[in-house]
Structures are given as C-alpha cells and as structure tokens.
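Below you'll find the structure, written out as structure tokens, and then a few comments.
Numbers for residues simply follow the sequence, beginning at 1.
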Amino acid sequence: MTLQQEIVGNAMQMAVVNLQPGQTVYCEAGKFLFKTTNVTMETRLSGPSGNGGQQGQGGGGGMGGLLRQAMGTAMQVGQRMLAGESLAFQYFTSQGGEGTVGFAGVLPGEMRALELDGTRAWFAEKDAFVAAESTVDFGIAFAGGRTGMSGGEGFILEKFTGYGTVIIAGAGNFIDLNPADFGGRIEVDTGCVVAFEEGIQYGVQRVGGLNRQGIMNAVFGGEGLSLATLEGNGRVILQSLTIESLANALKKAQGGDKQGPTGGLFSTHSG
C-alpha cells in the first residue's frame, strides 16, 4: 500500500500524510506535528526491523521469544544511543477510516520522499530521518573507523531498507546529483551530504597535502581538514546549508562566536 503524502511549505517544509484504514507510519520522536482524532499514537523503543511494525509476530513464542525480542530491542536502542539518535519511535495508525498526520524536520529547509522497492537501500546523515511506512526498516550504519576518525562528520549514517516511502529532511535547498555525470566522483563539504543510494561509495579525504597550500585550505578556507567523497552511479542529495554554518551565523548575530579569518577550524569564542 503506497503512502499517500504531500510535502507542503517553502522555507520550512512539512509532510502531510494520508493514512488508509489500518495503515501505519512511524517517525522519530520530536518530528510529529498534528493528527486527526481517529489516528492512534504509540511510542515504542523498537523499530520495524525489531518487530516494532508488527507486534506479536516474529521472534517465536514463550520466554525464549520474549527474550530474543528484548535483546533485539536493546541492541537497537544501544545503536541509536551511540549514534546520538532519538531512543524511541512514535507509531501512528488510522482506525475506522482514513486519517491524516503531519510531520516536520527541525531546521529550515526542504523535505524529500524516497521510494524504496526492496532492491536498493538508502543512506542518510544522522537526524535526516523524519517518517516512514512501517514496511521501511530503520537502521544505523557505520562508515568505518578510519573514515570516521579522519572525517569527523559522516561516521554514523542512517540506513533505510525494505519497501515503501521514507521521508527525510535537510537544511536549505536540495540539489540532486549523480557522480557518474561528473566523471564518477564528486567532492563535497562533509556537512552538505543529506542522503545517497546504495552503490555509492562514501568516504572522507584530507583537504590537500601537508604542505603550505593544504594548510591554507584547511585554516583559511572554512572547510576544516576534510572533504566527503562520493563515487559511483546513483542518486546523491546535497543540502545548501550546513548545521555548522547555521549555528555559527546565529552565534555571530548574537555577538558570540567570532570566527575571524580562520573559518571553521579555529574559533575565538571563549565562552
């Protein structure tokens, strides 16, 4: 059953979802806006891949089944805690007719509905997830120790598998690119990556070498020490506004952080 949804708004978009009787959609805690009275709301620690989408199924019966389900939920919660994600999901199910639920992101920017057909996963930066059908599994993926340590951002990713609709959000405006259209590889500010399809190779590389120009790029270029690299043939979604640049602009407007000529690498803020 396809999720009927409409993304509305401009500077800060919202997703309005129309649920068929018995249809369930879930969101990360804090992304819910409104619902009609015939839509029930339930908060759970488990995601759909941990039996959250279909209660009472899977895992077997008896004490052994309950123990396996509890251990699976604990592992999910532990992963999300490590990733800095919300510990719980909110589930919305329409009862006795069609229902409506509204969701939004937490930053001014765009939203996008991605359709999964069960053959290819999607990966997104943490906090991009807004809501999805109960047939979409939410998981945490790790880009690898070396990549994460060198890049800072992008070490922990959200992973969406299964089939159905998943809604993500980002800051500023979105642009869709395919690295295959640019020689097979693009280099991006690490904070600008929103999501990409499975099959795209994601990595982090140092900006320039350890020479004079490399140091100038890192210190005065405002990009820090690393850039994200995206290789392959598939969809990539980038955002025009990074969380770091938004935070720095707000601090500057309040007379707080004064970056000066050194961009994002150093800060003269003493508080």
Side-chain angles (χ1 to χ4, degrees), residues 3 5-17 24-35 39 41-48 52 76-77 79-92 100-114 122-134 136-141 143 152-160 165-176 188-196 228 236-254 256-257 264:
L3 188 68
Q5 52 76 33
E6 181 182 8
I7 294 176
V8 299
N10 188 3
M12 189 165 184
Q13 294 187 322
M14 302 168 287
V16 179
V17 177
T24 298
V25 64
Y26 69 101
C27 75
E28 188 177 49
K31 304 294 178 69
F32 163 72
L33 282 181
F34 69 90
K35 68 180 184 68
V39 174
M41 179 172 64
E42 182 181 359
T43 301
R44 308 176 199 161
L45 292 177
S46 59
Q76 286 187 38
V77 172
Q79 278 191 330
R80 294 200 298 269
M81 182 181 297
L82 182 63
E85 300 279 357
S86 170
L87 299 185
F89 293 111
Q90 292 177 302
Y91 291 80
F92 301 87
T100 302
V101 189
F103 304 100
V106 296
L107 293 171
E110 286 196 46
M111 302 182 76
R112 183 68 56 83
L114 307 175
W122 271 87
F123 296 88
E125 286 290 302
K126 63 193 239 27
D127 297 327
F129 173 67
V130 176
E133 290 182 81
S134 58
V136 174
D137 294 335
F138 176 98
I140 301 295
E153 297 177 77
F155 173 57
I156 299 171
L157 300 170
E158 298 174 337
K159 182 179 181 180
F160 309 107
T165 306
V166 57
I167 301 171
I168 60 172
N173 295 122
F174 285 172
I175 181 172
D176 290 72
V188 184
D189 182 303
T190 52
C192 288
V193 179
V194 179
F196 53 91
V236 172
I237 301 175
L238 306 179
Q239 62 187 5
S240 63
L241 178 66
T242 69
I243 296 177
E244 181 183 13
S245 62
L246 176 61
N248 287 334
L250 293 174
K251 289 180 182 178
K252 185 176 180 180
Q254 295 173 349
D257 190 49

Taking the side chain as every heavy atom from C-beta outward, state whether [X] and [Y] have any pair of such atoms under 4.5 Å apart.
X: Val16; Y: Val8; value: yes
X: Val25; Y: Glu133; value: no
X: Val17; Y: Thr165; value: no

Inset, instruction - Flag yes if more than 12 heavy atoms outside Asp176 fall under 6.0 Å of its CG atom; otherwise flag no. - result: yes

Inset, instruction - Any chance you could measure Lys159, atom NZ, to Ile140, atom CD1, to the nearest 0.5 Å? - result: 11.5 Å

Inset, instruction - Quick one: pull up CD in Glu125 and CZ in Phe196 and give me the separation to the nearest 0.5 Å. - result: 7.5 Å

Can you give me the closest heavy-atom contact between [X] and [Y], atom names plus distance?
X: Leu33; Y: Ala104; value: CD1-CB, 3.5 Å
X: Val130; Y: Ala169; value: CG2-CB, 3.6 Å
X: Ile7; Y: Gln5; value: CG1-OE1, 3.7 Å

Inset, instruction - Quick one: list whatever passes side-chain contact (heavy atoms from CB on, under 4.5 Å) with Ala228, sequence neighbours left out. - result: Thr190, Val193, Tyr202

Inset, instruction - Could you tell me which residues satisfy side-chain contact (heavy atoms from CB on, under 4.5 Å) with Leu114, sequence neighbours excluded, listed by chain and number? - result: Arg112, Trp122, Val166, Ile168, Arg235, Ile237

Legend entry - side chain to side chain donor-acceptor pair (under 3.5 Å) against Thr100, all qualifying residues, sequence neighbours excluded: Asn18

Legend entry - Under the side chain to side chain donor-acceptor pair (under 3.5 Å) test, residues paired with Lys31 that sit two or more places apart: Glu28

Legend entry - Pairs where residues 5-16 contributes a residue and the test salt bridge (charged side-chain N to carboxylate O under 4.0 Å, His left out) is met, not counting sequence neighbours: none

Legend entry - Close aromatic pair by centroid cut-off 6.0 Å: Phe129 and Tyr26: yes

Inset, instruction - Answer with yes or no after comparing the ring centroid distance for Phe89 and Phe138 against a 6.0 Å cut-off, counting only values under it. - result: yes

Donor-acceptor check, side chain of [X] to backbone of [Y], threshold 3.5 angstrom: yes or no?
X: Ser240; Y: Asn173; answer: yes
X: Gln239; Y: Gly170; answer: no
X: Glu158; Y: Ala195; answer: no

Inset, instruction - Could you walk me through whether Asp127 and Val106 pass side chain to side chain contact (heavy atoms under 4.5 Å, CB included), step by step? - result: CA-CA 9 Å; Asp127 297 327; Val106 296; 5.8 Å; no

Inset, instruction - Using ring-ring contact (aromatic ring centres under 6.0 Å, His included) as the criterion, list what pairs up with Phe32, not counting sequence neighbours. - result: Phe92

Inset, instruction - Give the intermediate values and the outcome of side chain to side chain contact (heavy atoms under 4.5 Å, CB included) for residues Met41 and Val39. - result: CA-CA 7 Å; Met41 179 172 64; Val39 174; over 6 Å; no

